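Single-structure report; data block below.
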Amino acid sequence: MNQPVAITRAVSPRINECELTYADREPIDPARARAQHETYEAWLETQGLRIVRAKDAPDNPDGVFVEDTAIVLDEVAIITRPGAASRRSETESVASVLKPYRELKHIVAPATIDGGDVLRHGKRIYVGLSTRTSDAVLDQLGPIVDPFGYRIDLVPLKRCLHLKSAATLISDDTILYNPACVHDEAFHHVRMLEVDSSEPGAANVLRVNDRLLISSSFPRTAEMLMREGFVVDVLHYDELEKAEAGVTCCSILVS
Ligand code: GLY
């Protein structure tokens, strides 16, 4: 089997100009953000993933958040049209990296979608209706994924940047979620675990090889996950969180 790959991108020196939707702007230390990102990449390598960095994009403040530029399924990769105009020029360089691994399809205007709004569970694709993703995208996404047997469910969101800010898949049958942002009834045939109520950002957890990576900003949720029997690794990620990001945002996993 080919070695699985994690696509990442270097932190832009202009990260302080990143998009913010619900978060207040706080100064970001680019050197500290870079160091945290490198630790994140090193963790991915310990999980057997080969890091493939997309071309540097110093003029894209949010370019490190590659997750939003593509939706990778087993059968096809869909290059998104991000909801924030400032982010649309991020996609081409990620498409170049993905090309050897998957057939590429593209979302085109006027529809928009961010990869952070897409959560796949088996043959269900949940699409969060955030400020970045338009329901018009269904007309394009449906014909791409229908032939492979996927069904798409739209998920209403309350005050969170992306669906995966509020819900991530942490095992084959479990979703970790923040009930303040998304209703558990939006999800089907899956066990729902709530984040600790004092840690609303904790639902964004990265699952690789049945290990979970969570930010050190969310110790109570991390402890709860360990009590539930999950294998949990904790990463300092607070500098990148100031850019309204979570741990899934900085990679696209291709196996
Ligand atoms: N700063 C992350 C985003 O708004 O896309």
Side-chain angles (χ1 to χ4, degrees), residues 6-37 40-41 53-72 78-95 107 109 111-119 126-134 137 155 157-168 178 181-182 200-206 213-215 217-218 235-253:
I7 300 171
T8 64
R9 189 189 328 258
V11 174
S12 163
R14 291 177 56 186
I15 190 162
N16 275 288
E17 297 164 57
C18 68
E19 295 283 341
L20 293 177
T21 304
Y22 298 108
D24 294 329
R25 198 167 290 281
E26 293 178 67
I28 301 172
D29 177 346
R32 192 158 182 270
R34 265 195 299 280
Q36 292 186 349
H37 186 246
Y40 172 86
E41 289 178 320
R53 273 198 172 184
K55 193 169 168 229
D56 283 2
D59 292 328
N60 286 114
D62 284 297
V64 65
F65 305 124
V66 288
E67 173 181 60
D68 293 318
T69 61
I71 302 155
V72 177
I78 301 150
I79 306 303
T80 65
R81 180 169 183 268
S86 71
R87 301 202 55 190
R88 295 200 184 130
S89 54
E90 296 173 23
T91 57
E92 203 178 308
S93 50
V94 172
I107 300 298
T112 60
I113 185 166
D114 281 12
D117 277 322
V118 179
L119 172 60
Y126 294 103
V127 175
L129 291 174
S130 73
T131 59
R132 300 288 177 83
T133 293
S134 60
V137 79
V155 180
L157 299 177
K158 274 181 284 177
R159 283 192 65 78
C160 63
L161 174 57
H162 288 129
L163 172 59
K164 276 187 276 194
S165 319
T168 52
N178 173 7
C181 294
V182 67
N204 187 274
V205 165
L206 180 63
L213 185 68
I214 188 167
S215 164
S217 304
F218 311 119
L235 174 81
H236 294 302
Y237 196 73
D238 52 302
E239 212 57 44
L240 288 152
E241 280 159 13
K242 294 178 190 169
E244 207 167 353
V247 287
T248 66
C249 303
C250 288
S251 59
I252 299 171
L253 308 185

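Whatever order the structure lists ligands and atoms in, that order sets their numbers, starting from 1. Here the structure is a predicted model, which means the values were calculated and not measured.
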(request) List in chain and number order the residues that pass side chain to side chain donor-acceptor pair (under 3.5 Å) with Arg25, two or more places apart in sequence or in another chain; answer none if no residue qualifies. (result) none
(request) Consider only side-chain N and O atoms of Glu90 and Thr69, and report whether a donor and an acceptor are under 3.5 Å apart. (result) no
(request) Could I get the full list of ring-ring contact (aromatic ring centres under 6.0 Å, His included) partners for Tyr126, not counting sequence neighbours? (result) Phe187
(message) Run the side chain to side chain donor-acceptor pair (under 3.5 Å) test against Glu239 and tell me which residues pass, sequence neighbours left out.
(response) Arg32, Lys242
Would you mind writing out a table of all protein N or O atoms found under 3.5 Å from any N or O atom of ligand 1, naming both atoms and giving the distance to 0.1 Å?
unit_1	atom_1	unit_2	atom_2	d
ligand 1	1 (N)	Glu19	O	2.8
ligand 1	1 (N)	Asp62	OD1	2.7
ligand 1	1 (N)	Ala243	O	2.6
ligand 1	4 (O)	Glu19	O	3.3
ligand 1	4 (O)	Arg132	NH1	3.4
ligand 1	4 (O)	Arg132	NH2	2.6
ligand 1	5 (O)	Arg87	NH1	2.7
ligand 1	5 (O)	Arg132	NH1	2.9

(request) Examine distances only and state if a side-chain atom of Arg88 and a backbone atom of Pro82 form a donor-acceptor pair shorter than 3.5 Å. (result) yes
(request) Classify the side-chain pair Ser12/Asn60 by whether it contains a donor and acceptor separated by less than 3.5 Å. (result) no
